[in-house]
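Comments concern the structure below.
Numbers restart at 1 for each chain; the letters A, B, ... are given by sequence-line order, proteins then strands.
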Amino acid sequence: MDATKQLRHNTVSPALTLASALGMSLLVAACGGSDSNRSVDAGVKAAWVVVGSNNQATVRVITSDASCPQVLDGADYNAMTLRAAAATAAQRPTASAAADSKPSAFPVTACEYKVPANSSSISVGSRSLPLPKKAPQRVVVLADTGCRLKKADNAWQACADGDAWPFPEIASTAAAMQPDLVLHIGDYHYRENACPADIGGCKGSPWGYGWDAWQADLFQPAAPLMAAAPWIMVRGNHEECARAGQGWFRFLDTQPFDAKRSCDDPANDGLGNFSDPYAVAVGADTQVIVFDSSKAGRAALPISDPQFVKYQAQFQTVNRLAAQAGVNSIFTNHHPILGFAPLAGAAPAPGNQALQSVMQSVNPTAFYPAGVKTAIHGHVHDFQAINFSSNHPATFVSGNGGDNLDVNFADPFPSSISPAPGVIVDKIAHTSSFGFMVMDRQSNGTWAYKAYTRKGQLLTTCQQNGNNISCDKTGYLAPN
Amino acid sequence: MQRFWPALLLACCLPFKLNAAPLNTPLYPEMPAPAAAPADAPALVALGRQLFSDTRLSEPRGTSCASCHAPAQAFSGNHGSRIGVALGSRPASLGTRNTPSVLYLRYTPPRFFYQDDDALAPIPFGGFFWDGRANTLAEQVQGPLFNPQEMNNRNPSQLARKLQQAYGLEMRTQFGAAIFQRPALATQAASRALEAFLRSDEMTPFSSRYDDYIRGRIKLDVAEMRGLRLFKDPDKGNCASCHKFNDSSSNPARSMFTDFGYDAAAMPRNRRIAENRNPKYYDLGLCKTAAELQWPDSSQWCGYFKTPSLRNVAVRESYMHNGVFGALRDAVAFYATRATKPGDWYKTGIKFDDLPPAYRENVNINSVPYNRREGSTPALSDSDVDDLVAFLRTLTDAAYVKQSTRSSNKQ
């Protein structure tokens, strides 16, 4: 029992002196009550629960206070651990020119608390946080949610306009569906460069890779969804070290914070850009295997490439994680592997060549181990639900969560197009309208995968059967 | 990933199928910012203005740049031709392409490729003419002067003689006493003057109701606002994916209504064009330029034409690169139902009939609203088309509003 708990369990003498009464009031303030909550709430900028390896749920809190608040775990107040103190990282090489970059300022304290498996309730200040359920029934899936501010593209998405940047609406719509779990498949942060002063739609937006941009792109709009359910957080290419990697490690990564893996020093990017895969149980019969492909790149990797060697070992780990009898494994990473990228006026491009080249060395022709029944990705800004007539896991892409959209695929989808050698498409349903996906557990233990628009209009439902899916619509899913 | 093309970038243009940087065309590290106002001398602009309207510069005399790029029609028009493509200086000398407006050319960049870091390949932007064959404005203005179907000068010597007769003193004053000793230099000097005029402030008026709207001076009416929203909506008109603009900026240079890219939108064949009576004749657009510039796999660009600015679109005489449409509403409606009711547009019953079969796979069948199956419900209703047209009329500069009203009467 820690000191806080000991204090809380002290009894109080009826003969209180003024001094002891004052001390008691401080004690109450330290341990709860409305005044204390107000004090904590004033500092807390974001609070959520993230689930990582070994199914460890962790409370994360970002506060403007220098010290971490306490967590009320059941009836006990527990201290949170400091994950990362307020600091400003020196400017490092980024994906942008040096003149369009700046040091990443984090004037906030990142705190964490590992939730015991038997915890019944968790709150921070007046916020009650959602705990993982033993058998989640509904999972919201989304990706690529940030608002694009990118000088090189001359792309200035109107972050202040809900029509142009729908992530706040999507987060609210998805939260209202009362999910038990949220799976975000990467690319949380897109506000990389300063909005020109003459563009009202993004004028004054925070930019760069510091806290303020993270708050605007993720924590503020996602607050309803963070209050609704614990999250599984997958890393996207926008969170690689030369982009928003510093915030990724301070706030989202589920491993202990390590200065060498903080992305602060580009000399350590070889460490920071790769993370070991892990599995999260979603009930007794399903698990999500999380893979970090943030630095995958586009081209096939030579077997001598150090990146190939790292990924190869990681995919061997995936094989081990998926080797659980009777467990439906869902593989998730940011870049589509057996999915497509649409190209206007040309056949769709196949899945990620870098990852495919490594996966073929681990699971020739199959790409995935047998335990993986479905795969879910982001990166391409559309929705895809693909069933294969070859023996490969059905694949989903749910990357239409807020950033500018990709074009659609042709309808009908071109025949004889394959995402990878030996992989044969049976049917595909797709749309590049903004939205998100929901997984609903079925009575037989499988999942129904449902595509929704930003406003919650159901576009299609895909029923899982082993590593196949059957969608009630195929081809282009018209949102209107 | 992505993109404003869109996947990125993004939405209107075919990505380059090879990942190598093409020859003769730079791969830019970032999209260029809107061009700043040039510092051309007023005397040079004045000379260019005179040259632009001088009918003595054609062969035979009688046709000027302004004959086709009529100032009263927002510097577009077809020199009295009624078939959608321009009449040249010789009787019955008709071109094969519709005359684009030459307003706002200041903002058109030279040719370049750009590849967003998420995109799979670089895509081309910039350049002049429907097929991007001129890299700069100065190069562009020489095209019509020597095109047999336009002003028909045989060579620089012939043009230099005309310039010397009409502008000898002025050109010697501005370019030096020796300017006429070499005809090529005289032609270049005239091109430079025309370029100065075309990129002058008077050719970038920004005086439309839309410009007043983004400057906060007026409100658009209900139909116009519906049209604006449809224009932006990626599920409906999706026009802004290529005709790029920014209505949250009071800077009109951010609203050029083009991304300066190219698209293969598969216009119906204009059977009034004489060359099109030959079933083997096809205007292939960008791929000819690509071949000349030795871009790899140049045939992938067959069927691609420049995405024009929509400023003053309501005062055009005809629409699309081949002038196939005579009414703005038809042009908008074509996008709305090209995919869902192709029989309304391709009268031969052959989809994409203005391209040879081998290149029909280049056509963009991905972008909303022309990504839908034949027979399905269009993304845009008839009233949506009307609203889009209402919005497009707000892009007419003040000087051409009367002309716009006349044009609307024929629709």
Under 3.5 Å, side-chain donor or acceptor atoms of residues 200-208 of chain A against the rest of the protein: list the pairs with distances, not counting sequence neighbours.
from, atom 1, to, atom 2, distance (Å)
A:Ser205, OG, A:Arg191, NH1, 2.9

### Message
Does any backbone or side-chain atom of A:Ala410 lie under 4.5 Å from a heavy atom of chain B? Answer side chain, backbone, both or neither.
### Response
both
### Proximity breakdown for A:Phe409 and chain B, heavy-atom pairs closer than 4.5 Å
backbone
### Message
Report which part of A:Pro412 has an atom under 4.5 Å of a heavy atom belonging to chain B: side chain, backbone, both, or neither.
### Response
both
### Message
Show the nearest heavy-atom pair for residues B:Asp353 and B:Met267, with the distance to one decimal.
### Response
OD1-O, 4.2 Å
### Message
Using a 6.0 Å cut-off, check whether atom NZ of A:Lys427 has over 12 heavy atoms from anything other than its own residue.
### Response
no
For residues 340-350 of chain A, which side-chain donor-acceptor pairs fall under 3.5 Å, sequence neighbours excluded?
none

### Task
Under 4.5 Å heavy-atom distance to chain B, tell me which part of A:Asp161 shows up: side chain, backbone, both or neither.
side chain
### Query
What class does the angle between the rings of A:His379 and A:His335 fall in, given that below 30° is parallel, 30 to 60° is tilted and above 60° is perpendicular?
tilted
#### Entry: For chain A, the option from B:Asn246, B:Ile365, B:Asp235 that forms the most heavy-atom pairs under 4.5 Å
B:Asp235
### Summary
Turns out that what part of B:Arg254 lies under 4.5 Å from chain A's heavy atoms comes down to side chain
### Query
With only heavy atoms counted, which part of B:Pro29 is less than 4.5 Å from chain A, the side chain, the backbone, both or neither?
backbone
### Under 3.5 Å side-chain donor-acceptor pair for A:Ser294 and A:Asn237
no
### Task
Quick one: which of A:Asp163, A:Asn408, A:Thr453 has the most heavy-atom pairs under 4.5 Å with chain B, could you say?
A:Asn408
### Query
chain B heavy atoms under 4.5 Å from A:Arg454: which part of the residue, side chain, backbone, both or neither?
neither
### Query
Got more than 12 heavy atoms from elsewhere within 6.0 Å of NZ, A:Lys473?
yes
